[in-house]
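These notes are about the structure you will find just below.
Each ligand, and each atom within it, is numbered from 1 in the order the structure gives. Worth knowing before you read on, the calculation uses all heavy atoms, side chains too, and leaves out hydrogens, waters and symmetry mates.
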Amino acid sequence: MFNDLSTPLSYLASRRSGRPREMVGPGPGPAELDAILALAMRTPDHGKLAPWRFVVVGSDQRDALAALLDRALDQNDPSAGPAHRQKADDFAHHGEALVVLLSAPVIPHKIPVWEQELSVGAAAMNLLHAIHAHGYVGSWLTGWATYDPLVEDAFRLAPSERIAGFFFIGSPGRELEERPRPDPNAVIRHWTPPL
Ligand SMILES: Cc1cc2nc3c(=O)[nH]c(=O)nc-3n(C[C@H](O)[C@H](O)[C@H](O)COP(=O)(O)O)c2cc1C
């Protein structure tokens, strides 16, 4: 069983994202989404800078997002064929709710941008946890749209801001499957102090 909410440990041991293209209803309503975002903001943040922003794309705005992605392909990727365009349209319509997370570092500041970006990653993970704790599945995707100048303009990004990802939220349309996880021996080592 994935995203087993019976205890905090069982949840963490079974946490699994959903596949956006397989998401179905129900998804969170506006009040639940507010509660999810409030939890996501309880994130480690050196200097209390809140170097992240959450942009909610309303259900009634998905066609506008699709039109934006289509224009972005026209402008920046004229080689995009019908399959690529269809994929972009699907992307714009995945899930029941959509939040775009922005990295919004405070510059200049004595807290390095790297640390502020780490806080954005932490907010992203916390957002996924908050989605799952509400009984939904989330998914963190980037893809070309994340780096497209027209999309960045449309999300009103300041010059120092960047899209950290698109967070699709819904219910799993089919059973989740395990994803291979790293071998602990490959990623954990014990420090040897210098002599
Ligand atoms: C910054 C970032 C961007 C990602 N972008 C994509 C993406 O564009 N497409 C994709 O299939 N997975 C992407 N992933 C991977 C999925 O979000 C997810 O981490 C993966 O499916 C594992 O799921 P889990 O949450 O169950 O561990 C991205 C992950 C991160 C951290």
Side-chain angles (χ1 to χ4, degrees), residues 1-5 8-24 27-28 36-37 39-40 43-45 51-55 57 62 65-66 68-69 72-73 76-77 80 83-105 113-152 155 157 160-184 186-188:
M1 178 185 183
F2 292 99
N3 299 322
D4 173 2
L5 295 176
L9 276 181
S10 64
Y11 163 64
L12 289 172
S14 63
R15 187 201 62 78
R16 184 74 176 95
S17 295
R19 278 209 185 94
R21 64 173 181 274
E22 292 172 358
M23 285 181 191
V24 295
I36 287 170
L37 296 178
L39 292 178
T43 282
D45 160 17
W52 14 260
R53 299 288 179 271
F54 302 91
V55 183
V57 178
R62 298 300 197 99
L65 178 61
L68 167 69
L69 298 186
L73 286 177
N76 299 323
D77 188 1
H84 195 155
R85 286 178 185 279
Q86 184 58 52
K87 216 172 153 196
D89 189 76
D90 293 346
F91 183 92
H93 291 99
H94 285 324
E96 299 290 302
L98 173 60
V99 174
V100 181
L101 176 65
L102 307 184
S103 167
V113 170
W114 163 236
E115 294 191 21
Q116 299 188 47
E117 289 173 340
L118 288 174
S119 181
V120 179
M125 187 70 247
N126 228 11
L127 175 57
L128 284 177
H129 285 321
I131 291 165
H132 294 147
H134 275 78
Y136 303 109
V137 281
S139 179
W140 179 359
L141 299 191
T142 48
W144 66 266
T146 302
Y147 307 100
D148 184 274
L150 200 75
V151 175
E152 289 180 332
F155 279 85
L157 262 60
S160 61
E161 292 181 348
R162 290 203 276 182
I163 295 175
F166 292 78
F167 289 76
F168 297 92
I169 310 169
S171 301
R174 71 180 179 100
E175 229 173 286
L176 300 174
E177 286 164 9
E178 187 50 301
R179 171 187 170 95
R181 303 293 168 178
D183 171 3
V187 294
I188 300 171

Q | Heavy-atom nearest neighbour in the protein, as seen from atom 11 (O) of ligand 1, with distance rounded to 0.1 Å | A | Leu141 CD2, 4.1 Å
Q. Which heavy atom of His132 sits nearest a heavy atom of Val137, and at what distance?
A. CD2-CA, 3.5 Å
**Q.** Nearest atoms (heavy-atom pairs only) where Leu101 meets Val120
**A.** CD2-O, 3.7 Å
Q.
Among all the protein's non-hydrogen atoms, which is closest to atom 8 (O) of ligand 1, and how far away is it?
A. Thr142 N, 3.2 Å
Q. Looking at Phe91, Phe54, Trp144, Trp140, which one forms a ring-ring contact (aromatic ring centres under 6.0 Å, His included) with Phe166?
A. Phe91
Q: Locate the shortest heavy-atom distance separating Ala92 from Leu69; write the atom from each residue and the value.
A: CB-CD1, 4.1 Å
Q: Among all protein heavy atoms, pick the one closest to atom 28 (C) of ligand 1 and tell me residue, atom and distance.
A: Trp140 O, 3.3 Å
Q: For atom 23 (O) of ligand 1, grab the closest protein heavy atom and report residue, atom and distance to one decimal in Å.
A: Arg16 NH1, 3.2 Å
(Q) To check your reading of the model: name the closest protein heavy atom to atom 21 (O) of ligand 1, its residue, and the distance in Å. (A) Arg179 NH1, 3.4 Å
Q | Heavy-atom closest contact (Ala122 atom, Thr43 atom, distance) | A | CB-CG2, 3.6 Å
Q) When only distance counts, is Ser139 in polar contact with ligand 1, meaning an N/O pair under 3.5 Å? A) no
Q: For Arg15, counting its heavy atoms only, list the atoms of ligand 1 lying under 4.0 Å from any of them.
A: 24 (P), 25 (O), 27 (O)
**Q.** Arg21, portion touching ligand 1 at heavy-atom distance under 4.0 Å
**A.** neither
Q: May I ask whether atom 19 (O) of ligand 1 is less than 4.0 Å from at least one protein heavy atom?
A: no
Q) Among protein heavy atoms, which sits nearest to atom 25 (O) of ligand 1, and what does the distance come to when rounded to 0.1 Å? A) Ser17 OG, 2.4 Å
(Q) For atom 27 (O) of ligand 1, what's the nearest protein heavy-atom neighbour? Residue, atom name and distance, please. (A) Arg181 NH1, 2.7 Å
Q) Does CZ in Arg85 sit with more than 12 non-hydrogen atoms of other residues, nucleotides or ligands closer than 6.0 Å? A) yes
**Q.** Enclosure of Glu178 CD (heavy-atom neighbours >12, cutoff 6.0 Å)
**A.** yes
**Q.** Those atoms of ligand 1 less than 4.0 Å from some heavy atom in Gly143
**A.** 8 (O)
Q. What pair of heavy atoms forms the shortest contact from Ser10 to Leu5, and how long is it?
A. OG-C, 4.4 Å
